[in-house]
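Remarks on the structure that follows.
Order of the sequence lines fixes the chain letters, A, B, ..., with proteins taken first and strands second; residue numbering starts at 1 for each chain.
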2 protein chains.
Amino acid sequence: MGDNVANLADYIEQHLRRLLDLAEGGAIEIQRRDLADKFNCVPSQINYVISTRFTAERGFVVESRRGEGGYIRIFRTHLDTSTHPFGFVNSVVGDSVSDQEMGDVLFRLKDLGIIDRRDELLIKGIVRQQSEDLRGRSASLVRARILRAVLATLLSVRRECEEDM
Amino acid sequence: MGDNVANLADYIEQHLRRLLDLAEGGAIEIQRRDLADKFNCVPSQINYVISTRFTAERGFVVESRRGEGGYIRIFRTHLDTSTHPFGFVNSVVGDSVSDQEMGDVLFRLKDLGIIDRRDELLIKGIVRQQSEDLRGRSASLVRARILRAVLATLLSVRRECEEDM
DNA sequence: CCGGTGAAGGTCAGAATAAGTCAAAGGATC
DNA sequence: GATCCTTTGACTTATTCTGACCTTCACCGG
């Protein structure tokens, strides 16, 4: 225990985090090849670091492009999901959701103070609108997907709005 | 925006956008040969830039003519943003959406200042996450639904936030 | 007229560049 | 020694850039 000697992946993570701290706007751009050279490893190691450490759950979004002028960009999101119920949302929603279950989930979230009454109505409206022409199982699958997506959006946007004040 | 541009195609795109911004009536006319000379590249590079960056999805129409007195004209198309969020979103999204189309739609909305860079990435991430294990048509349908739902949420919440101030 | 000619722009496929994927091997931890 | 995390490299995919070849058009000489 104590100070475990960090491995390569940890060093690369540290490096990227330092860059992010220094960067204006909480975003950085790197070349995969260059970074791999700097750390004397194969390029795919960079992908490993990014996919294990710079995830949405940890508050990052990553964007990349191949070919000439290619890059990897890492953005810090406003959303820190360890303090915000992202995982929680995923755990309550499930893969298949009936209209009734949707109501229950939203009720719980409102009860917990995560969303308010207006959000509840808004979400219910959107989910219903987007699943209205579907029946049975496919409706439930779509509802689940949309519910998760909408909740994720709402939570991150809310947070942004709060910060803006 | 500090968009760092790393390749020729991006430079040419930027140049054309600047011209469009300056132009009265949101339209410009260029000579392919001249532009290629200016950027020291083959003429077909211009076609590449136009066909990848100035698409209908991104809000442009392009018209050209060969032969003596030939030209390429680029027009910016307009989008009515004053309508209700739902109607607006529906007019942009459609029933079936490829990943590429989603990218273009979000790009255009960002271009119009309706969403910002982070929204763009966030939404792309959410939609991809929710459609990642699907293939072909069903993926496109789900993408369309989720994209509509997420955009509608975002726009409604945004409005609320503004009202609250 | 009318067919030729040169001046545009268009198409397509291949090379070059850079990132992504995946599975298997290697280590650490319990 | 079982399991989980890391590291590697062979293979895949995406994007850009180029050049050879094609099409369209105005104009000109006969």
Strand contacts (DNA chain D) in residues 34-41 of chain B, 4.0 angstrom heavy-atom criterion: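 Result for residues 34-41 of chain B: B/Cys41, sorted by number.
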Considering only NZ, NE, NH1 and NH2 on the basic side and carboxylate oxygens on the acidic side, decide whether [X] and [Y] come within less than 4.0 Å.
X: A/Asp99; Y: A/Arg128; result: yes
X: B/Asp34; Y: B/Lys38; result: no
X: A/Asp133; Y: B/Arg145; result: yes
X: A/Glu63; Y: B/Arg117; result: yes

Checking B/Gln31 now: which residues fulfil side-chain hydrogen bond (donor to acceptor under 3.5 Å, both in side chains) with it, not counting sequence neighbours?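 Listed in chain order: nothing, the list is empty.
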Residues forming a side-chain hydrogen bond (donor to acceptor under 3.5 Å, both in side chains) with B/Glu29, sequence neighbours excluded: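 Only B/Arg73 meet the side-chain hydrogen bond (donor to acceptor under 3.5 Å, both in side chains) criterion with B/Glu29.
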For atom [atom1] of [X] and atom [atom2] of [N], their distance in whole Å:
X: B/Leu8; N: C/dT17; atom1: CG; atom2: C1'; result: 14 Å
X: A/Arg73; N: C/dA19; atom1: CZ; atom2: P; result: 12 Å
X: B/Arg128; N: C/dG20; atom1: CZ; atom2: C1'; result: 13 Å
X: A/Gln45; N: C/dG20; atom1: CD; atom2: C1'; result: 14 Å
X: B/Asp99; N: C/dG20; atom1: CG; atom2: P; result: 14 Å
X: A/Arg32; N: D/dT8; atom1: CZ; atom2: C1'; result: 12 Å
X: B/Asn7; N: D/dT18; atom1: CG; atom2: P; result: 11 Å

For DNA chain C, find the residues of residues 46-72 of chain B with a heavy-atom distance under 4.0 Å and give them by number; none if there aren't any.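 Contacting residues: B/Asn47, B/Ser64, B/Arg65, B/Arg66, B/Gly67, B/Glu68, B/Gly70, B/Tyr71, B/Ile72.
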Hey, does B/Glu101 have a side-chain heavy atom less than 4.5 Å from the side chain of B/Leu106?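 Not touching, per the 4.5 Å side-chain cut-off.
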Look at atom CG of B/Asp21 and say whether more than 12 heavy atoms of other residues, nucleotides or ligands are closer to it than 6.0 Å.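 Atom CG in B/Asp21 is crowded, with more than 12 foreign heavy atoms closer than 6.0 Å.
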Name every donor-acceptor pair, under 3.5 Å, that has one atom in a side chain of residues 39-49 of chain A and the other anywhere in the protein, sequence neighbours excluded.
{"from": "A/Asn47", "atom 1": "OD1", "to": "A/Arg32", "atom 2": "NH1", "distance (Å)": "2.6"}

Detail all sub-3.5 Å separations between protein N/O atoms and N/O atoms belonging to nucleotides 22-27 of chain C.
none

Students often get this wrong, so: under 4.0 angstrom with heavy atoms, is A/Arg33 touching a base, only sugar-phosphate, or nothing?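 Sugar-phosphate: the residue A/Arg33, judged by heavy atoms under 4.0 Å, touches backbone atoms but no base.
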Test A/Asp37 against A/Arg33 for salt bridge (Lys or Arg N to Asp or Glu O under 4.0 Å), laying out the working first. CA-CA 6 Å; A/Asp37 284 348; A/Arg33 179 82 248 172; 3.3 Å; yes
Start with the C-alpha distance between A/Asp10 and A/Arg17, add both sets of side-chain angles, then the distance that settles salt bridge (Lys or Arg N to Asp or Glu O under 4.0 Å), and finish with yes or no. CA-CA 10 Å; A/Asp10 289 339; A/Arg17 278 177 178 275; over 6 Å; no
